[in-house]
**Student:** 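I have a structure I would like to understand better, so I am pasting it below and will then ask my questions one at a time.
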Amino acid sequence: MEAYDHKKIEEKWQEQWEKDQVYKTEDTSSKPKHYVLDMFPYPSGEGLHVGHPKGYIASDIYSRFKRMNGFNVLHPMGWDAFGLPAENFAIKNKVHPSAAVKKNIARFKEQLSIIGFDYDWSREINTTDPAYYKWTQWIFLKLLEKGLAFESHEPINWCPSCQTGLANEDLDGGRCERCDSEAEKKPMRQWVLKITDYADRLIKDLDLLDWPDSIKTAQRNWIGRSEGHEVEFTLANSTKHKAQSAEHKSIKVFTTRLDTIYGATYLVVAPENPFVESTKHKAQNSKEVQQYLDDCKKKTEIERTSVDKEKTGVELKGIKAINPATGEEISVWVADYVLGHYGTGAVMAVPAHDERDHAFAKKYGLPIKHVVMPHLVDYKVNPPRVDKPSKTRRNVHAIVFDPKENKYLILRNEKQGWDTIIIGGIEDGEDPVAAARREVEEESGYTNLIYKRTLGAPVQASYFAKHKDENRVAVTTGVYFELVGHKRVPITDEIADDNEVLWVDANHFVPGTMVNTEMPLWIERMMLSGDVAYTGEGVLSDSGEFSGLTSAEGRETIAKKIKAAPKTTYKLRDWVFSRQRYWGEPIPVIHCLLCGVVPVSEDDLPITLPPVEQYAPTGTGESPLANIDEWVNTVCPSCGGAGKRETNTMPQWAGSSWYYLRFMDPHNDRQLVSPQAEKYWSPVDVYVGGDHAVRHLIYARFWHKFLHDIGVVSTSEPFARLEFLGFILAEDGRKMAKRWGNVINPDDIVSTYGADSLRLYEMFMGPFENAIAWQTKSIIGVRRFLERIWSLREKVKNVETPPEEERLLHQTIKKAGEDIAEFKFNTAVSAMMILVNGVEKMGTISRSTYMALLRVLAPFAPHMAEELWQALGNTDSVHRSSWPVYDPAKLVSDEHVIAVQIDGKSRDTFITKEELDETSAREQALARPKMQKWLEGRTVTKVIYIPNKLINIVTG
RNA sequence: GCCGCGGUGGUGGAAUGGUAGACACUCGGGACUCAAAAUCCCGUGAUCGCAAGAUCGUGAGAGUUCAAGUCUCUCCCGCGGCACCA
């Protein structure tokens, strides 16, 4: 027999398949459709490394599997080629971007073709093709028409190295994601898309999607929805001034914690807030304020927003606001820890319950007022009982420490069976510290105490006080004393009878040992040197009529009283959509002195990118296109006068935000996609790729929803299911990259081991979503597997399939099919290996088993499967054959191995041919010779029998 | 800090609450060979044992269960996302 020559058969079949158009997708079909899409590549100058095809191999296997199961499959490929990477590559290599892109695409296509994918290349698209970007521009015109694209002069992120504005999504920790330069804030004219209008739908519709949780969570985080209230703080004495229209009379803040408003002791306004500009001259310290504003401007965004940086700010002296809940006058500050672009650009500061406000208040000596108590419920030791009355008490807890002995004072109550620190009630008008002293003296007799500190604000605890047979809601203050002398006064007999006075180590204070519910909190507070903000929810205190309510109740009722409107805020920013660069889709608008911004007529699309000599960025904040007078100067479509073209271009992410639609109808020159094609193919059933967890997947969802709103698409979401892949790492565990010198080229692997081995190896490496390091030496495993299948051809016999072989086959068909559907390719491959190992052991394989095996193998190793398939005499392609069907009745063996356990530990097994009931299984198990030893001196108390699987004998 | 996902042999990994380590790689031994490669066969979690076998074992600790890698809680570690977002 001929040896397995992968080169020969792979080239042969790739050619043949193309000739026979095996993978041509039908535009219309009576079959159900299935749209399988890869995140199309950005053809870089470096070519593909072995990591790139991983997703393509998976989608290829999946699409072939679907085709064999009777679906009309759309599995296309194309190129995303506009944008910075291609342009920077072109500048560096001194070639025109269009030439570079052309060359890179050719290289990518060649590299992909030798892997043997089932793409229908007649549907290939390229985002830089005018016939394609005509429709990208068309979508922009529609966005403009609907008011979702607009010009803005707000400061944006500017990359000084790439010399262009960037969207928030293009930053990574305040740095340009492409070149790692620190981004600056630069005010400039730019085009912005109102993605924030879709924020709510972008979050809500995530629920409709079969996507990994991690990606959904990443998107939710990015959109950052939070529900709260807007509250207006009127300025004190603002009515005294003659009303000027430009003058602010109030400051609006956004808060998610309206329940803490009684603790709002000052306001903070962001430096960018227009309020500051209009009010700063009225501050008594206006010079100082101006100085602060100037200082802020000098800070970079990274400096300003780093969490661990000390907060700075300045008071607007003489300006006071009124807390609408308390009616009190509070001071107003300008500080850059408040962000100008989030919420209303101003906050009510609640230093007792917000860490940032707390740090700021500490630094500037501002008042701290506690208005939310932690609420502890004793669920474990003495849980509140629904059938008992409840009493509210004001308590004090005294923690007494003896520094000489390093011990703490506790009381042990034998009768109740508990240990406690000293507890007592606070009498009306009594100071907690005095109350604590009194209680220590009464209950233990110790009098020589020095007061060290109070352990934070009071806390509320609910528990059942069994000695009083009632529930307690105790509001308790913790007081910490140190013992300075062992002098004791007599205590009453009654108290002495109940409690034993003990000194214990700190390790006695672990949860559970002490009866006090508050104990863990006291320990935590003792360990902290200073006080900290309590940011959790709880029970309101010191909040007028609202005291005693829970945080949630408080928010609701306070909102009603002070008329605070509910408000939802998002972290998501609008999409900065213009780039001051050459290599992108021209934004199709014309600026006219008379008419302003005028959209280009749809009939004039595409506005093609003019060929230029100089495409390097100008650095002036203008695109290089601005220098091409003959392109820029045009006629205003509205008035017929002189007009200038918009010279900014679209970002890299524009073309990829809708490309999946174009594959449905790639050559349509009248429509972006025909309604029929869209209806038939939408949505993408499975989308395969990695990386772009947020950016591309949010932009595309946004555009899709917009296109849905204007009736272009019929579905509300573009990608029904997302299979997110883990990248293949280099052998050294790092990312595969040219600069690390650890890149493995797929061409080399295909040449040495064959495309089928490469495909199989990448799928066998591990779970699809795992990032796993490449190991060239491990490919040998799958290569051997393929060679075994190759050799099996000699063992094919025209016989009836033996039952054992049949069982193995049907198990394999079932397992492989289910696993492909779930993208568990590694276990699908191992199922085939198990079958091959099995039939090898038996020595022969029936013709029908072999044919079925080849059909299961076909999606994974299409070339070898085809070669062997046709060698068996089949004349049509294996890829047009159907997926084999398994018979559930043939999955189970007529022999069962029953595991025998004693007390849950496996001790023996036995084989049975018949279905055993519990009694006979028990008989057989107990009759095993090994069992005698295990059962000696024990009595069987219970037997658990899982039919045909396991028997567990439980002994007493 | 918050959110999400993980932690199983030397390695990649497998395991509807039911005999942990499938399937591979590596390594060791053997066959074939003048020899090597390739291929084939046997072995390969740890400890003890000549062996039969026994004990331990899925990051740590507790819990639920006849039975836990799998479920619950606490903690440790790793990865990813977000992060002065009020």
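Residue numbering restarts at 1 for every chain, and letters A, B, ... go by the order of the sequence lines.
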**Student:** Strictly by Watson-Crick or wobble contacts shorter than 3.5 Å, is anything paired with B/C27, and which nucleotide is it?
**Tutor:**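 Answer to the pairing question: B/G43, which forms a Watson-Crick or G-U pair with B/C27.
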**Student:** Fit a plane to each ring of A/Tyr364 and A/Phe360, take the angle between them on a 0 to 90° scale, and name the class: parallel (under 30°), tilted (30 to 60°) or perpendicular (over 60°).
**Tutor:**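 Ring orientation of A/Tyr364 relative to A/Phe360: tilted.
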**Student:** Which one is paired to B/A67, where only Watson-Crick or G-U wobble pairs with both distances under 3.5 angstrom count?
**Tutor:**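 Base-paired to nothing in any strand shown.
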**Student:** On RNA chain B, nearest-nucleotide positions of A/Asp357 versus A/Lys841: which is more 5'?
**Tutor:**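 Looking at RNA chain B, the more 5' nearest nucleotide goes with A/Lys841.
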**Student:** Over 60° means perpendicular and under 30° means parallel, so classify the ring planes of A/Trp774 and A/Tyr761, tilted if in between.
**Tutor:**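 Perpendicular: the ring planes of A/Tyr761 and A/Trp774 meet at over 60°.
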**Student:** Does the side chain of A/Arg784 get closer than 4.0 angstrom to OP1 or OP2 of B/U39 through an N or O atom?
**Tutor:**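 Answer is yes, contact under 4.0 Å.
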**Student:** Scan A/Ile834 against the nucleic acid and name what it touches under 4.0 Å (heavy atoms): base, sugar-phosphate only, or nothing.
**Tutor:**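 Sugar-phosphate contact only.
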**Student:** Once you apply the 3.5 Å cut-off to both distances, tell me the Watson-Crick or G-U wobble partner of B/C73, or none.
**Tutor:**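 Here B/C73 is engaged in a pair, and the nucleotide opposite it is B/G61.
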**Student:** Between A/Lys777 and B/C25, does any side-chain N or O lie under 4.0 Å from OP1 or OP2?
**Tutor:**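 Indeed not, no polar side-chain atom of A/Lys777 lies that close.
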**Student:** Would you mind calling B/G10 syn or anti? Take O4'-C1'-N9-C4 for purines or O4'-C1'-N1-C2 for pyrimidines, and syn is within 90° of 0.
**Tutor:**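 B/G10: anti glycosidic orientation.
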**Student:** In Watson-Crick or G-U wobble terms, both distances under 3.5 Å, what is the partner of B/A86?
**Tutor:**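 Looking at the geometry, B/A86 pairs with no nucleotide.
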**Student:** Just how far, in rounded Å, is P of B/U11 from CG of A/Leu729?
**Tutor:**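 To the nearest whole Å, that distance equals 17 Å.
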**Student:** Whole angstroms only, please: what is the OH-P distance between A/Tyr570 and B/A86?
**Tutor:**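 Those two atoms, OH and P, are 13 Å apart.
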**Student:** Tell me whether the side-chain N/O atoms of A/Lys905 come closer than 4.0 Å to OP1 or OP2 in B/A68.
**Tutor:**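 For A/Lys905, the contact criterion (side-chain N or O under 4.0 Å from OP1 or OP2 of B/A68) is not met.
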**Student:** What is the separation between atom CZ on A/Arg695 and atom P on B/C82, rounded to the nearest whole Å?
**Tutor:**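 So the CZ-P distance, A/Arg695 to B/C82, works out to 10 Å.
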**Student:** Considering every strand and a 4.0 Å limit on heavy-atom distances, what is the contact class for A/Asn770: base, sugar-phosphate, or nothing?
**Tutor:**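 Sugar-phosphate contact only - A/Asn770 comes under 4.0 Å of backbone atoms but never of a base.
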**Student:** Could you tell me if the side chain of A/Lys795 sits less than 4.5 Å from the side chain of A/Met842, heavy atoms only?
**Tutor:**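 Counting from C-beta outward, A/Met842 and A/Lys795 never come under 4.5 Å.
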**Student:** Classify the nucleic acid contact of A/Thr909 as base, sugar-phosphate or nothing, counting any heavy atom under 4.0 Å across all strands shown.
**Tutor:**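 A/Thr909: base contact, heavy atoms under 4.0 Å.
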**Student:** How would you label the contact of A/Val897 with the nucleic acid (heavy atoms, under 4.0 Å): base, sugar-phosphate, or nothing?
**Tutor:**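 Base contact.
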**Student:** Look through every strand shown and name the nucleotide pairing with B/C34 as Watson-Crick or G-U wobble, where both distances are under 3.5 Å.
**Tutor:**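 Paired with B/C34, as far as the under-3.5 Å criterion goes, is no nucleotide at all.
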**Student:** So what does A/Thr941 touch, heavy atoms closer than 4.0 Å: a base, only the sugar-phosphate, or nothing?
**Tutor:**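 No contact.
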**Student:** More than 12 non-hydrogen atoms from neighbouring residues, nucleotides or ligands closer than 6.0 Å to CZ on A/Arg807, yes or no?
**Tutor:**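 Result for CZ/A/Arg807: enclosed.
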**Student:** CD of A/Glu177 versus P of B/G81: gap in Å, rounded?
**Tutor:**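 Result: 12 Å.
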**Student:** Consider side chain to side chain contact (heavy atoms under 4.5 Å, CB included). Of A/Thr569, A/Thr568, A/Leu202, A/Leu572, which one does A/Arg225 pass it with?
**Tutor:**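 Result for side chain to side chain contact (heavy atoms under 4.5 Å, CB included) with A/Arg225: A/Thr568.
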**Student:** Applying a 4.0 Å non-hydrogen cut-off, can you work out what A/Ile772 is touching in the nucleic acid: base, sugar-phosphate, or nothing?
**Tutor:**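 Sugar-phosphate contact only - A/Ile772 comes under 4.0 Å of backbone atoms but never of a base.
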**Student:** Kindly say if A/Tyr342 contacts the phosphate of B/A86, meaning a side-chain N or O under 4.0 Å from OP1 or OP2.
**Tutor:**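 Answer is yes, contact under 4.0 Å.
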**Student:** Pick the closest RNA chain B nucleotide for A/Ala218 and for A/Arg573 by heavy atoms, then say which residue is nearer the 5' end.
**Tutor:**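 Here A/Ala218 is the residue nearer the 5' end.
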**Student:** For A/Arg220, which contact category applies under a 4.0 Å heavy-atom criterion: base, sugar-phosphate, or nothing?
**Tutor:**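 A/Arg220: no heavy atom of the nucleic acid under 4.0 Å.
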**Student:** Quick one about A/Asn948 and A/Glu915 (side-chain donor to acceptor, distance below 3.5 Å, no hydrogens or angles considered), yes or no?
**Tutor:**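 Side chains of A/Glu915 and A/Asn948: pair found under 3.5 Å.
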**Student:** Check the phosphate of B/C5 against A/Thr217, side-chain N and O only, distance under 4.0 Å to OP1 or OP2. Yes or no?
**Tutor:**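 For B/C5, neither OP1 nor OP2 has a side-chain N or O of A/Thr217 closer than 4.0 Å.
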**Student:** Indicate yes or no: at least one non-hydrogen side-chain atom of A/Ile261 is less than 4.5 angstrom from one of A/Leu258.
**Tutor:**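 When only atoms from C-beta onward are counted, A/Leu258 and A/Ile261 do touch, with a gap below 4.5 Å.
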**Student:** With a distance cut-off below 6.0 Å to the six-membered ring centre and an angular limit of 45° from the axis, does A/Lys252 pair with A/Phe275 as a cation-pi contact?
**Tutor:**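 No, A/Lys252 does not lie over the aromatic ring of A/Phe275.
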**Student:** Between P on B/C79 and CZ on A/Arg734, what's the gap in Å once rounded to a whole number?
**Tutor:**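 From A/Arg734 CZ to B/C79 P: 16 Å.
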**Student:** Reckon A/Glu769 touches a base, only the sugar-phosphate, or nothing at all at heavy-atom distances under 4.0 Å?
**Tutor:**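 No contact.
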**Student:** Counting only Watson-Crick or G-U wobble pairs whose two distances fall under 3.5 Å, which nucleotide matches B/C5?
**Tutor:**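 Checking every strand shown, B/C5 finds its partner in B/G78, with both distances under 3.5 Å.
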**Student:** Does a side-chain N or O from A/Arg788 land closer than 4.0 Å to OP1 or OP2 of B/C40, or not?
**Tutor:**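 Looking at the OP1 and OP2 atoms of B/C40, one of them is under 4.0 Å from a side-chain N or O of A/Arg788.
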**Student:** Have a look at A/Asp908 and say if it touches a base, only the backbone sugar-phosphate, or nothing, with a 4.0 Å heavy-atom cut-off.
**Tutor:**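 Nothing, no heavy atom under 4.0 Å.
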**Student:** With sugar-phosphate meaning primed atoms plus P, OP1 and OP2, does A/Arg783 contact a base, only sugar-phosphate, or nothing at under 4.0 Å between heavy atoms?
**Tutor:**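 It contacts nothing in the nucleic acid.
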**Student:** Regarding A/Trp774, tell me which of base, sugar-phosphate or nothing describes its non-hydrogen contacts under 4.0 Å with the strands shown.
**Tutor:**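 It contacts nothing in the nucleic acid.
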**Student:** Given atom CG of A/Leu760 and atom P of B/C25, what is their separation to the nearest angstrom?
**Tutor:**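 From A/Leu760 CG to B/C25 P: 12 Å.
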**Student:** If we call it a pair only when both distances are under 3.5 Å in a Watson-Crick or G-U wobble match, what pairs with B/A22?
**Tutor:**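 Its partner: none found.
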**Student:** Under 4.0 Å between any heavy atoms, over every strand shown, what does A/Ser906 touch: base, sugar-phosphate, or nothing? Just pick one.
**Tutor:**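 Counting heavy atoms under 4.0 Å across all strands, the contact made by A/Ser906 is with sugar-phosphate only.
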**Student:** Give me the distance, rounded to whole Å, that separates B/U16 from B/U70 when you measure between the C1' atoms they each carry.
**Tutor:**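 One C1' to the other, the span is 11 Å.
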**Student:** Quick one: label A/Pro212 by what it contacts on the DNA or RNA (base, sugar-phosphate, nothing), any heavy atom closer than 4.0 Å.
**Tutor:**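 No contact at all - A/Pro212 keeps every heavy atom at 4.0 Å or more from the nucleic acid.
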**Student:** Check the distance between B/U11's P and A/Asn826's CG and give it to me in whole angstrom.
**Tutor:**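 Going from CG in A/Asn826 over to P in B/U11 covers 18 Å.
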**Student:** With a 3.5 Å limit on both atom pairs, tell me what B/G49 is paired to, counting Watson-Crick and G-U wobble, or say none.
**Tutor:**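 Pair assignment: B/G49 / none.
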**Student:** Could you give the CD1-to-P distance, from A/Ile951 to B/C66, as a whole number of Å?
**Tutor:**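 Taking CD1 of A/Ile951 and P of B/C66, I get 16 Å after rounding.
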**Student:** Please state whether the phosphate of B/A83, meaning OP1 or OP2, lies under 4.0 angstrom from any side-chain nitrogen or oxygen of A/Asn221.
**Tutor:**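 It does not, given that no N or O in the side chain of A/Asn221 lies less than 4.0 Å from OP1 or OP2 of B/A83.
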**Student:** If you look at every strand shown and take non-hydrogen atoms under 4.0 Å, does A/Val338 touch a base, only sugar-phosphate, or nothing?
**Tutor:**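 If one applies the 4.0 Å heavy-atom cut-off, A/Val338 turns out to touch a base.
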